[in-house]
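Please read the structure below before turning to the comments.
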Amino acid sequence: MIGPYDLPSHLPDWPLHLVEQRLSAAHHGNFERWMSAVAALPTDLTQSCTFSDTVSVELSSDEATETAIKENLQQLLPWRKGPFRIGQTFIDTEWRSDWKWQRLRDALGNLENQRVLDIGCGNGYFGWRALEAGAQEVIGVDPSILFCLQHRAVQQFVQDPRNWVLPLKGEELPATTQFDLCLSMGVLYHRRDPLQHVHQLYDLTRSGGRGVLETLIMRDTESLYPEQRYARMGNVWCVPSTEQVVTWMQQAGFNDVTVVDISTTTVAEQRSTEWMRFESLRECLNPDDPSLTVEGYPAPVRIICLGHRPS
Ligand SMILES: C[S@@+](CC[C@H](N)C(=O)[O-])C[C@H]1O[C@@H](n2cnc3c(N)ncnc32)[C@H](O)[C@@H]1O
């Protein structure tokens, strides 16, 4: 059985001591409350699991247990990536992450026998989708302790040792372990040195493997280096042009870089819900002209690029 404190045993060079340090009350003031909620979730009621658009767990439980499960899952608000359904509880997350996966999955194809790394994986939603596509194993990393514990909450029910989410940053990973497929989605614009991040993505991809880079872009203009906030986010350092993203992937060493998708993010895809009660995309857009952010920049558009590391 996978317990909420368990660690993978097959990543010998990885800084798992950092994972242990971070999964502790000393690291985050809310840790004990969150971990109590995770530990209270039952591990023995699961009938079946489905890793489709809504990652779902069928339970055999009574009304009182269902209510307790929902209350414990709500201790882990805000839920940003999903959706999930655990028993009768539908976790209507801020993002329709299934829409992003629909844009990407045909380009990825069958992932049979592939080991996947997801850098900045949030709560690991895409890990379940990669398993659905046949992946042998998915390791996700994300510095957010809350998102790691959301994954552990889902794992209480799923109990699948093929999907891990660890509280690490991409730049903390040794390139001695490489993956068949490396995903970096929604991370690049948070990095002060975006080209270095693309190099890390490359270094973590095995020879002959593939890398996916998904990021906000400036569709019709030059790269943007916001002086203050972009769409109310204070930690956006660069929103590159389409050409810049492709060039960075090529400079890092990827071959055959293709643009899989370019989509404008809508308020149907990213919105406040019962499970994410803060403001969302709608409040980041100019109410008189939603093609602009409240700061006057072009509204969020995202690109997905796929590249190959030469054999
Ligand atoms: C916009 S979310 C994207 C989540 C998910 N990959 C997706 O595409 O929906 C960005 C995530 O990157 C994580 N993150 C930020 N800096 C990171 C870093 N240096 N290494 C790994 N993840 C990071 C954040 O905690 C956050 O969960």
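One-based numbering, in listed order, for ligands and for the atoms of each. Each residue takes its place number in the sequence, starting with 1. Computed from a predicted structure; not experimentally measured.
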Relative to the heavy atoms of [X], which atoms of ligand 1 are at a distance of less than 4.0 Å?
X: E171; value: 18 (C), 19 (N), 20 (N)
X: V187; value: 12 (O)
X: F126; value: 7 (C), 8 (O), 9 (O)

Tell me whether [X] reaches ligand 1 (any heavy atom closer than 4.0 angstrom to a ligand atom).
X: H197; answer: no
X: Y189; answer: yes
X: Y125; answer: no

Mutual orientation of the aromatic rings belonging to H28 and W34 [parallel < 30°, tilted 30-60°, perpendicular > 60°]: tilted
State whether the side chain of T258 and the backbone N or O of V260 hold a donor-acceptor pair below 3.5 Å, judged by distance alone. no
Does P78 offer a backbone N or O that forms a donor-acceptor pair with the side chain of Q150 under 3.5 Å? yes
Is atom CZ of R282 surrounded by more than 12 heavy atoms (other residues, nucleotides or ligands) closer than 6.0 Å?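 No, the 6.0 Å shell around CZ holds no more than 12 heavy atoms from other groups.
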Under 4.0 Å between a side-chain nitrogen and a carboxylate oxygen: does that hold for E172 and R22?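 Looking at E172 and R22, the cut-off is met.
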Does R103 come within less than 4.0 Å of E269, counting only side-chain N to carboxylate O? yes
Validation: residues 81-92 side-chain donor-acceptor distances under 3.5 Å, sequence neighbours left out:
from : atom 1 : to   : atom 2 : distance (Å)
R85  : NH1    : G87  : O      : 2.6
R85  : NH2    : E58  : OE2    : 2.7
D92  : OD1    : R271 : NH2    : 2.7

In the protein, what heavy atom is nearest to [atom], and what distance, to one decimal place, separates them?
atom: atom 5 (C) of ligand 1; result: G120 O, 3.4 Å
atom: atom 20 (N) of ligand 1; result: G170 N, 2.9 Å
atom: atom 25 (O) of ligand 1; result: D142 OD1, 2.6 Å
atom: atom 16 (N) of ligand 1; result: P143 CG, 4.1 Å
atom: atom 3 (C) of ligand 1; result: M185 O, 3.4 Å

Would you sort out whether S263 and D261 count as a side-chain hydrogen bond (donor to acceptor under 3.5 Å, both in side chains), showing the intermediate values? CA-CA 6 Å; S263 294; D261 183 77; 2.6 Å; yes
Region of [X] that comes within reach of ligand 1 [heavy atoms, distance under 4.0 Å]:
X: F147; result: side chain
X: R80; result: neither
X: W95; result: neither

To which of G186, C148, C121 does the heavy atom nearest atom 10 (C) of ligand 1 belong? G186
For atom 8 (O) of ligand 1, which of the options K81, E214, K100 provides the nearest non-hydrogen atom? K100
Verdict with reasoning, H197 to W237, per ring pair (Phe, Tyr, Trp, His ring centres under 6.0 Å): CA-CA 13 Å; H197 178 74; W237 303 101; over 10 Å; no
Validation: residues 112-122 side-chain donor-acceptor distances under 3.5 Å, sequence neighbours left out:
from : atom 1 : to   : atom 2 : distance (Å)
E112 : OE1    : N110 : ND2    : 3.4
R115 : NE     : E137 : OE1    : 2.9
R115 : NH2    : E137 : OE1    : 3.0

